[in-house]
Amino acid sequence: MKKIILILLTLIMAFSFAACSALDEETAIALKSDTYSIYEQLKKDLAKAASNEEICDYLSDFAEKHNLTANNQADGTIVLIKQPSEEHIAAKTTTLQCGISPETIKEDAPAMAIALAVLKN
């Protein structure tokens, strides 16, 4: 299941970057670099996370720094929401789902970095 989620997120990222093909090469490189930076920060910051609560706290902080809404759910999950820009107000909602746990942070960090980069950008 994790491999399927990783593949789907990779495809979403590829389509997101492809949709940005009208942007100049410098912007595309910056987006890819941002994904890598988020990945490296995730590995560093969550390396010692001992609970899902610590991961949710990290994601809440990320959301606050990047103008996203974070909704903590009763079941211990967190939902990050990006409000549409004015030019995309009529666009349909896109949902990205990604799982990460203290036991599998190393394996889950790439998919989480992709999802966070897509939300941030």
Side-chain angles (χ1 to χ4, degrees):
M1 185 64 154
K2 287 181 187 177
K3 288 182 181 182
I4 292 172
I5 291 172
L6 181 59
I7 291 168
L8 289 173
L9 286 172
T10 303
L11 289 172
I12 290 168
M13 188 176 117
F15 285 121
S16 295
F17 287 143
C20 297
S21 63
L23 299 176
D24 58 44
E25 185 176 339
E26 185 177 311
T27 303
I29 290 170
L31 288 171
K32 291 175 186 177
S33 175
D34 194 33
T35 302
Y36 182 75
S37 295
I38 291 170
Y39 169 72
E40 288 298 319
Q41 196 65 44
L42 271 172
K43 285 194 327 184
K44 180 180 146 198
D45 292 346
L46 296 179
K48 296 180 183 176
S51 69
N52 284 339
E53 185 176 279
E54 289 176 319
I55 294 170
C56 286
D57 289 345
Y58 175 85
L59 292 172
S60 292
D61 290 343
F62 181 91
E64 186 176 327
K65 289 177 188 172
H66 300 289
N67 200 28
L68 303 170
T69 303
N71 293 332
N72 290 301
Q73 307 294 307
D75 65 356
T77 60
I78 186 169
V79 176
L80 302 180
I81 301 165
K82 180 176 185 173
Q83 298 302 321
S85 59
E86 287 186 27
E87 62 266 5
H88 295 102
I89 199 76
K92 292 183 179 182
T93 301
T94 300
T95 303
L96 301 174
Q97 181 177 348
C98 185
I100 190 167
S101 70
E103 297 81 22
T104 60
I105 285 175
K106 287 183 181 180
E107 295 85 7
D108 298 336
M112 182 63 70
I114 292 167
L116 292 174
V118 168
L119 279 171
K120 181 181 169 216
N121 295 300

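Here the closest heavy-atom approach between residue K120 and residue K82 is recorded as O-NZ, 3.4 Å. The heavy-atom pair separating A70 from A63 by the smallest distance is CB-CB, 3.8 Å.
Between I81 atom CD1 and I78 atom CD1 the span is 10.0 Å, to the nearest 0.5 Å. For the atom pair E103 CD and N52 CG, the distance stands at 7.5 Å (nearest 0.5 Å). We find the OG-CD distance between S33 and E26 to be 11.5 Å, quoted to the nearest 0.5 Å.
In this structure, L80 and L116 have side chains that are in contact, with non-hydrogen atoms separated by less than 4.5 Å. Inter-residue side-chain proximity for L42 and I105 is flagged as unmet; no heavy-atom pair is nearer than 4.5 Å.
Shown here is E54, whose CD atom has more than 12 heavy atoms of other residues, nucleotides or ligands within 6.0 Å. Other residues, nucleotides and ligands place more than 12 heavy atoms under 6.0 Å from the CD atom of Q73.
Each of T77, N72, D61 was compared with C56 under the side chain to side chain contact (heavy atoms under 4.5 Å, CB included) criterion, and only N72 meets it.
Using a distance-only test at 3.5 Å, with no hydrogens or angles considered, no donor-acceptor pair links the side chain of E40 to the main chain of S37.
Residue L119 is grouped with residue I38 when hydrophobic side chains (ILVMFWY) are merged at heavy-atom distances under 4.5 angstrom, including chains of intermediate members.
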